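Structure record follows, encoded as structure tokens.
These numbers were taken from a predicted model, which means no experiment stands behind them.
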Amino acid sequence: MANPSLAPFRNEPFTDFSTPDNKRAMLDALDRARAELGKIYDLTMGGRDLQTSETFKSVNPANPSEVIGIHFAATAKEANEAVEVAQLAFTTWRHVPVADRVALLVRAADLIRQRHFDFCAWLVLEVGKNWGEADADVGECIDFLEFYAREALRLDAATTPIQFPGEKNLLRYVPLGVGAVIPPWNFPLAIMAGMTTASIVCGNTVVLKPSPDAPTIAARFLALMEEAGVPDGVINLVQGGPEVGRTIVEHAQVRFIAFTGSKKVGLEIHERAAKTQPGQHFLKRTILELGGKDTIIVDADADLDAAVDGVTASAFGFNGQKCSACSRAIVAEPIYDTFLDRLKERVEALTHGTPADNFQTGPVINEVARKRVLDYIAIGKSEGRLITGGTAVETPGNGFNVAPTVFADVAPTARIAQEEIFGPVLAIIKSSSFDEALDIANNTEYGLTGAIYTNSREKLDRARDEFHVGNLYFNRKCTGAMVGAHPFGGFNMSGTDSKAGGPDYLTLFTQAKSIAEKRS
């Protein structure tokens, strides 16, 4: 049921940085952010700032000598305290009317909208997004807040499918309790804010543990939420590494874990959450968005230019650091060589440099990531034919840069065709038929995103039924899911198919209570 005070949901528009006013606004925002680099950020529990004996630094991946923020590192002690504070806050927050919780999200969305360029600047500096990628991240964040606000109202107005004769039947979606929110570094505003606000708008409280590679953005988001009026203890921020995350996941009072990240860590969380702790009297719920080995099929009758552009954008947007990124292209034999020629030309035309200067491609997140990507490139050189890239790139700031890399003639079972690399590496596989292309597309343990370029209605219909992924796109790129239009989540080892930004998402943060009253 729509609230008359809220207009129908619409996605936040993208920013056109080619206009002088927007370009100037972005440059000004970068200057403002740079003026605050190196600031020290506390942990936050119950509205109280807290410091510990150890700190860690967040750095600019394009210039690692540039410190973005200094953060106090939590230990198991602070993690346990954060859960206790959140549990106390839950006793009152759960009773706050849904309309008031919704109003909080709408106020926060308005504040982010007013500071859109400032959040873009922090995304550029802390995780190395170019302007367009940062703009999309901020826009998605606003979309999540606005969409979940409206979805909470709809869920609150839910009814039973029928009214049983002689009874008054009610269906209420009630909060679960304290949740652990563990977001990734690659969408450190949108996904972090989306999981957090989905939790609290349903009446839960949260212990938020961001990635150590993107702690500053989370701290600044929490400050904005406090400005918007979130009560003390509803969101509690603990920074740190795996020990902190494990402590929260295993805590006997934590009812759910919302995690986005690698398959390895997600499976560990799933396993730890399944083990009942002393004093725990419920089953923990896991909401997991994991990795992908995502495929674009290019059929012989495809619009070749559109396919080349779509594969390039999907593979190398944000340097391949998206779980939805195209890391495999399956190309029909009749157009294979022509496709490779055009793809090579298109990829080599990408500009590469510092994200703050808005180059199309730039660094991976850290030195560990760069080494992993270069190791996979070394493997690729023995598994395929290098078309372009294949090296680290020297940059003025000594950033963690790797050239966009394409391998051709890759076997469907090769390591670079099966394992998630999470970097700017694309494997091209030749297919002799559409049946073979579909078989190859489905031959990994993942099932997140996929796309197909073809002008054949019959093949699109077959792909709709046989291409086994959670998010499938026809004649467009496989990245860039839009809130509301493309509910996001994958099959198989890509997670629990949570469908963020969709009509079912908030049910994951609630439990349905059926109430029947006999009429007199």
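No side-chain donor-acceptor contact under 3.5 Å links K322 and S324. For Y376 and E419, the side-chain atoms include at least one donor-acceptor pair closer than 3.5 Å. Side-chain contact check for S494 and N492: no donor-acceptor pair (N or O, by modelled atom type) lies under 3.5 Å. Between the side chains of D135 and T15, at least one donor N or O sits under 3.5 Å from an acceptor N or O.
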Please step through side-chain contact (heavy atoms from CB on, under 4.5 Å) for the pair L104 and V230, ending with a clear verdict. CA-CA 7 Å; L104 170 67; V230 68; 4.0 Å; yes
The test is side-chain contact (heavy atoms from CB on, under 4.5 Å); show your working for R328 and T444 and say whether it passes. CA-CA 11 Å; R328 314 192 309 167; T444 79; 3.5 Å; yes
Check step by step if side-chain contact (heavy atoms from CB on, under 4.5 Å) holds for V98 and L153. CA-CA 7 Å; V98 171; L153 292 171; 4.3 Å; yes
Going through the checks in order, is the side-chain contact (heavy atoms from CB on, under 4.5 Å) test met by L237 and L43? CA-CA 6 Å; L237 177 67; L43 308 177; 5.7 Å; no
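Side-chain atoms of N358 come within 3.5 Å of backbone atoms of W131 as a donor-acceptor pair (strictly under, hydrogens ignored). Looking only at distances, a side-chain donor or acceptor of N471 sits under 3.5 Å from a matching main-chain atom of G489. A distance-only check finds a donor-acceptor pair linking the side chain of Y148 to the backbone of G501 [under 3.5 Å]. A donor-acceptor pair is defined here as one N or O able to donate and one able to accept, closer than 3.5 Å; no such pair exists between the side chain of T55 and the backbone of I70. Using a distance-only test at 3.5 Å, with no hydrogens or angles considered, a donor-acceptor pair links the side chain of R255 to the main chain of L176. Under the 3.5 Å distance criterion, the side-chain polar atoms of N204 are matched with a main-chain donor or acceptor of S199. When atom types are taken as modelled, the side chain of E126 and the backbone of I217 share a donor-acceptor pair closer than 3.5 angstrom. Although no hydrogens or angles enter the test, the distance criterion places no donor-acceptor pair under 3.5 Å between the side chain of R154 and the main chain of R150. Within the 3.5 Å criterion, the main-chain N or O of K293 finds no donor-acceptor partner in the side chain of E420. Formation of a donor-acceptor pair under 3.5 Å by the T52 side chain with backbone atoms of A74 is not found in this model.
With a 4.5 Å cut-off on side-chain heavy atoms, I112 and L145 count as touching. Between P64 and F400 there is a side-chain heavy-atom pair separated by less than 4.5 Å. A 4.5 Å side-chain heavy-atom check between N319 and V402 finds every atom pair outside the cut-off. No side-chain heavy atom of T479 sits under 4.5 Å from any side-chain heavy atom of F318. At a threshold of 4.5 Å between non-hydrogen side-chain atoms, the residues Q321 and E133 do not count as touching. Using a 4.5 Å heavy-atom threshold, the side chains of V102 and L6 count as touching. Considering only heavy atoms from C-beta on, L105 stays 4.5 Å or farther from F144 through its side chain. H352 places a side-chain heavy atom less than 4.5 Å from the side chain of P404.
Nearest heavy-atom pair across V238 and A82 is CG1-CB, 3.8 Å. Taking every heavy atom of both residues into account, R476 and A451 meet most closely at O-CB, 3.4 Å. Residue I248 comes nearest to A180 through the heavy atom pair CG2-CB, 3.2 Å, listed as atom of the first residue, atom of the second, then distance. Summarising the geometry of P210 relative to P215, their closest heavy-atom pair is CB-CA, 4.5 Å, with the distance given to 0.1 Å. Q511 and P175 get closest at one heavy-atom pair: NE2-O, 3.4 Å. Across all non-hydrogen atoms, the minimal contact from A481 to E140 is O-OE2, 4.0 Å.
Sorted by first and then second residue, the salt bridge (charged side-chain N to carboxylate O under 4.0 Å, His left out) pairs with a member in residues 480-500 read D497-K499; sequence neighbours excluded. Sequence neighbours left out, the pairs with a member in residues 262-283 that pass salt bridge (charged side-chain N to carboxylate O under 4.0 Å, His left out) are R246-E268, E250-R272, K263-E445, E268-R272. A ring pair (Phe, Tyr, Trp, His ring centres under 6.0 Å) check over residues 239-296, counting only residues at least two apart or in different chains, returns the pairs F256-F509. A side chain to side chain donor-acceptor pair (under 3.5 Å) check over residues 222-241, counting only residues at least two apart or in different chains, returns the pairs R115-E227. Residue pairs that meet the side chain to side chain donor-acceptor pair (under 3.5 Å) test with at least one member in residues 366-375, sequence neighbours left out, are D213-N366, E367-R370, K371-D375. Pairs engaging residues 65-96 under the ring pair (Phe, Tyr, Trp, His ring centres under 6.0 Å) rule: Y41-H71, F56-H71 [sequence neighbours left out]. For the ring pair (Phe, Tyr, Trp, His ring centres under 6.0 Å) condition, the pairs that include at least one residue of residues 178-221, sequence neighbours left out, are W185-F422. Listed by first and then second residue, the salt bridge (charged side-chain N to carboxylate O under 4.0 Å, His left out) pairs that reach into residues 77-97 are R48-E81, sequence neighbours excluded.
Rounding to the nearest 0.5 angstrom, the gap separating the CG atom in L171 from the NZ atom in K513 is 11.5 Å. A distance of 11.0 Å separates CE of M493 from CG of L288, quoted to the nearest 0.5 Å. Taking NZ of K284 as the start and CD of Q253 as the end, the distance is 9.5 Å to the nearest 0.5 Å. Between the CG atom of L290 and the OH atom of Y446 there is a distance of 8.5 Å, given to the nearest 0.5 Å. With rounding to the nearest 0.5 Å, the separation of CG in L125 from CD1 in I68 is 5.0 Å. The structure places OG1 of T196 at 9.0 Å from CG of L222, a figure rounded to the nearest 0.5 Å.
Under the rule for a side chain to side chain contact (heavy atoms under 4.5 Å, CB included), the partners of A89 that lie at least two apart in sequence or sit in another chain are T205. For D137, the salt bridge (Lys or Arg N to Asp or Glu O under 4.0 Å) partners at least two apart in sequence or on another chain are K129. Scored by the salt bridge (Lys or Arg N to Asp or Glu O under 4.0 Å) test, D143 finds no partners at all (sequence neighbours excluded). Residues meeting the salt bridge (Lys or Arg N to Asp or Glu O under 4.0 Å) test with D28, sequence neighbours left out: R24.
Taking a 6.0 Å sphere around CG of L283, one finds it holds 12 or fewer heavy atoms contributed by other residues, nucleotides or ligands.
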